Amino acid sequence: MPTPVPIFALVDCNNFYASCEKLFNPKLAGVPVVVLSNNDGCVVARSAEVKALGIPMGVPWFKIHDQARQHGIVAFSSNYALYADMSNRVMEVLAQFSPDIEVYSIDESFLDLAGFESIGLAEYGRQIRERIQQWLGLAVCVGIARSKTLAKLANHCAKKNLAGANGVCDFTAMSAADMDSLLDRIDVAEVWGVGRKLAPRLDAMGIRTVRALRDADANSVRARFSVVLERTVRELRGTSCLALEEVAPAKQQIICSRSFGQRVHDFDDLQEAVASYISRAAEKLRQQDSLAGAVTVHIQTSPFNLSEPRYQKAVTLPLPEATADSRLLARWALLILKQIYRPGFAYQKAGVMLSDICPRRMHQPSLFGALGENERLMRTLDRINSRWGRGTLRLAAEGMGKEWQMKRGHLSPGYTTEWAGLPTVQAR
DNA sequence: CTATAACTCTCAA
DNA sequence: CTAACGTTGAGAGTTATAG
């Protein structure tokens with residue numbers, strides 16, 4: 001249970017994906033490394049060397065290919081299994097430092113540090129940092145403050161080495177005057193919750209720094225923007241409005257969508273993709289012990305290719321009865337696909353969504369009993385796939401997936417997740 | 001007209 | 001040789017629709 005007056009620490013791994021790749025290959029020390037999104041599409045992580053070259057986050061890989069070659073940048077496809085495994089290890093270590101921890105994303109967590117003041121919060125932060133470095137070889141930064149939004153900002157300062165942070169920044173120990181001058185120097189766009197759209201609007205009103213937003217009139221912020229931004233203002237003043245969420249609530253919707261490795265034209269290939277995605281989504285659904293009451297299928301051509309005919313369509317089907325059975329969900333999904341498929345287009349992406357989700361135990365079975373749902377079969381399916389790897393046991397409709405599967409031309413070995421990925425020792 | 005549903009926009013990692 | 005541009009989830013706000 002979080003303490004009544006919490007002190008938040010935000011611990012965030014530096015360049016997480018890129019650092020994971022470097023970890024298992026000493027030759028990459030000092031080498032610029034990028035990690036690419038699914039399909040080797042965009043740059044989603046950059047090592048410090050790449051950031052120094054001025055390569056922006058999110059840029060399509062093909063656009064910087066030449067530049068990358070010039071600078072000897074090494075690119076990796078996303079190796080999600082590796083990052084998830086390293087993430088789990090990081091979170092296990094972090095959990096040793098506080099009974100109250102919220103895993104916020106794959107590379108960051110909020111910790112409640114109330115009660116550790118006697119050690120010195122900054123000192124405690126340094127211990128966290130050192131232990132993760134020593135045990136896992138990963139660099140993290142720690143931001144400490146009285147609200148989540150401020151802890152995020154403190155983390156930003158730690159990363160940018162503002163206020164002599166050196167990896168740890170504790171706002172709770174800073175004087176009001178020092179805070180003022182620090183927040184004066186930080187762009188309002190750095191604030192958690194201020195994104196692409198909000199930043200220019202704030203700028204137009206003369207709110208350009210974090211300090212200006214903090215000192216803005218909360219009521220007029222609410223009137224002109226939203227309750228969300230008003231909450232941000234209060235958080236910036238040190239009033240905690242966002243609580244630590246230790247247990248992740250069950251998802252209200254579950255999505256699985258992916259771009260294809262190559263354009264897809266045939267219904268059959270699309271069908272394989274949709275069946276695979278629905279399988280994956282159903283697996284997630286069963287993991288949280290829920291049922292879905294509606295299925296959406298979405299297909300689209302590339303939004304970037306202006307010369308080809310464009311088409312996109314999504315249809316949602318409310319189910320006669322909520323279910324978590326892959327076979328039933330696949331049947332509904334393929335029914336939708338048949339309805340929305342138009343021949344003659346170069347499809348770039350497909351996706352499925354499960355919604356109208358409810359806990360299995362709250363579900364009222366229909367009068368005539370579940371229509372073909374086989375809970376035991378699904379449990380067996382999940383057990384086999386978790387033991388032998390995802391996709392070991394599949395629906396027939398999923399096919400072998402050659403045409404549409406995503407490109408991963410720069411995949412690193414599964415260092416921590418597969419025996420074959422272990423680095424070998426050369427005899428000499 | 002109101003209450004709700006459906007959809008759109010924004011943000012984040 | 002050319003073309004090539006991520007995924008998932010939440011929540012607020014707005015618009016459409018039913019009664």
Side-chain angles (χ1 to χ4, degrees), chain A residues 10-18 34-46 56-66 68 75 77-78 80 83-84 87 102-110 148-149 152 155-156 188-202 222-232 241-242 245 248-263 277 280-281 284-285 288 290 293-294 296 298 300-308 314-316 318 346 348-357 406-410:
Chain A
L10 178 67
V11 185
D12 190 318
C13 300
N14 299 358
N15 320 323
F16 184 56
Y17 292 179
V34 296
V35 176
L36 306 176
S37 64
N38 278 352
N39 244 329
D40 295 343
C42 299
V43 171
V44 292
R46 304 159 297 161
M57 181 70 165
V59 66
W61 172 234
F62 74 90
K63 285 192 179 176
I64 60 158
H65 204 271
D66 289 346
S77 305
S78 288
Y80 195 78
Y83 313 145
S87 173
E102 171 186 343
V103 177
Y104 177 69
S105 77
I106 190 157
D107 75 332
E108 56 188 310
S109 272
F110 287 102
K148 281 183 165 182
T149 304
K152 274 267 190 189
N155 188 277
H156 166 81
V188 72
E190 299 297 340
V191 173
W192 193 31
V194 175
R196 228 170 19 136
K197 298 280 182 183
L198 241 39
R201 280 180 63 197
L202 286 165
R222 177 185 196 137
R224 291 204 208 187
F225 294 90
S226 67
V227 292
V228 183
L229 196 63
E230 185 202 11
R231 203 153 53 208
T232 299
C241 308
L242 304 169
E245 313 235 12
K251 299 194 188 329
Q252 302 167 25
Q253 53 178 17
I254 292 171
I255 296 174
C256 182
S257 92
R258 244 169 274 295
S259 326
F260 304 129
Q262 304 145 243
R263 298 288 180 262
Y277 300 167
R280 178 74 189 108
K284 293 193 218 170
L285 183 68
Q288 66 168 39
S290 300
T296 306
H298 173 246
Q300 67 172 54
T301 57
S302 169
F304 298 103
N305 189 336
L306 305 177
S307 57
E308 295 218 0
V315 162
T316 302
Q348 178 248 357
K349 180 181 186 174
V352 304
M353 175 167 81
L354 301 176
S355 52
D356 202 354
I357 288 174
M406 67 181 180
K407 275 185 279 193
R408 293 173 100 187
H410 307 273

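In what follows, chains are A, B, ... by sequence order, proteins preceding strands, each numbered from 1. Bear in mind the structure is a predicted one, so any value in this text is a computation, not a measurement. Excluded from the calculations below are hydrogen atoms, water molecules and symmetry mates; all remaining heavy atoms, backbone and side chain alike, are included.
Distances were taken from every side-chain heavy atom of A/K152 (C-beta onward) to each of C/dG11, B/dA13, C/dA4; the shortest belongs to B/dA13. Comparing B/dA13, C/dA12, C/dG6 by their closest approach to the side chain of A/C42 singles out C/dG6. Of the candidates C/dG6, C/dG11, B/dA13, the closest approach to any side-chain atom of A/S105 belongs to B/dA13. Between C/dG9, C/dA12, C/dT7, one nucleotide has an atom nearer to the side chain of A/Q253 than all others, and that is C/dG9. Picking from C/dT7, C/dA10, C/dC5 the nucleotide with the shortest atom distance to the side chain of A/F62 gives C/dC5. Here the side chain of A/N305 is nearest to one of C/dA4, C/dG6, B/dA13, namely C/dA4. For A/L198, the listed nucleotide lying nearest its side chain is B/dC11; candidates were B/dC11, C/dA10, B/dA13. When distances are taken from the side chain of A/R258 to each of C/dA10, C/dA12, C/dT8, the shortest belongs to C/dT8. Here the nucleotide nearest the side chain of A/I255, chosen from C/dG9, B/dA13, C/dG13, is C/dG9. Residue A/K197 has its side chain nearest to B/dC11 when only B/dC11, C/dG6, C/dC5 are considered.
The nearest heavy atom of DNA chain C to A/V228 and to A/I254 marks one nucleotide each, and the one closer to the 5' end goes with A/I254.
The phosphate of C/dG6 has OP1 or OP2 within less than 4.0 Å of a side-chain N or O from A/S259. Taking 4.0 angstrom as the limit, A/Q262 places none of its side-chain polar atoms (N or O) nearer than this to OP1 or OP2 of C/dA3.
A donor-acceptor pair under 3.5 Å is absent between the side-chain atoms of A/S109 and the main chain of A/V11, judged by distance alone.
Proximity of A/L198 to A/F225: side-chain heavy atoms (C-beta onward) are separated by under 4.5 Å at one or more points. Annotation: side chain of A/F16 is in contact with side chain of A/S87 (closest heavy-atom distance under 4.5 Å).
As a whole-Å value, the separation of A/W192 CH2 from B/dA13 P is 8 Å. Rounded to whole angstrom, the span from the CG atom of A/L229 across to the C1' atom of B/dT10 amounts to 12 Å. Between the NZ atom of A/K407 and the C1' atom of C/dT2 there is a distance of 11 Å, rounded to whole Å. The interatomic distance linking A/H65 (NE2) with C/dA3 (P) rounds to 15 Å, in whole Å. Counting to the nearest Å, the P atom of C/dG6 and the NZ atom of A/K63 are 12 Å from each other. We find that CG of A/L285 is positioned 15 Å from C1' of C/dG9, with the value rounded to whole Å. A/Y277 places its OH atom 14 Å from the C1' atom of C/dT8, with the value rounded to the nearest Å. Counting to the nearest Å, the C1' atom of B/dA12 and the CG atom of A/N155 are 15 Å from each other.
Residue contacts shown for A/V43 are absent, as no nucleic acid heavy atom lies under 4.0 Å away. Within 4.0 Å of A/Q348, counting heavy atoms only, lie sugar-phosphate atoms of the nucleic acid but no base atom. Contact annotation for A/V59: no contact, since no heavy-atom pair falls under 4.0 Å across all strands.
Minimum heavy-atom separation, A/K148 to A/E245: NZ-N, 4.2 Å. Minimum heavy-atom separation, A/I255 to A/K284: O-NZ, 3.3 Å. Considering every non-hydrogen atom in both A/Q348 and A/S302, the closest pair reads CB-N, 3.5 Å.
Between A/L285 atom CG and A/Q253 atom CD the span is 12.5 Å, to the nearest 0.5 Å. Considering CD of A/Q252 and CG of A/D356, their distance stands at 11.0 Å, rounded to 0.5 Å.
For the pair A/K349 and A/F260, the cation-pi criterion (under 6.0 Å, within 45° of the ring axis) is not fulfilled.
C/dG6 and B/dA12 have their C1' atoms separated by 14 Å, given to the nearest Å.
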Read 5' to 3' with Watson-Crick or G-U pairs under 3.5 Å, [ ] for crossing pairs and | for partners on another strand, DNA chain C gives ......|||||||||||||

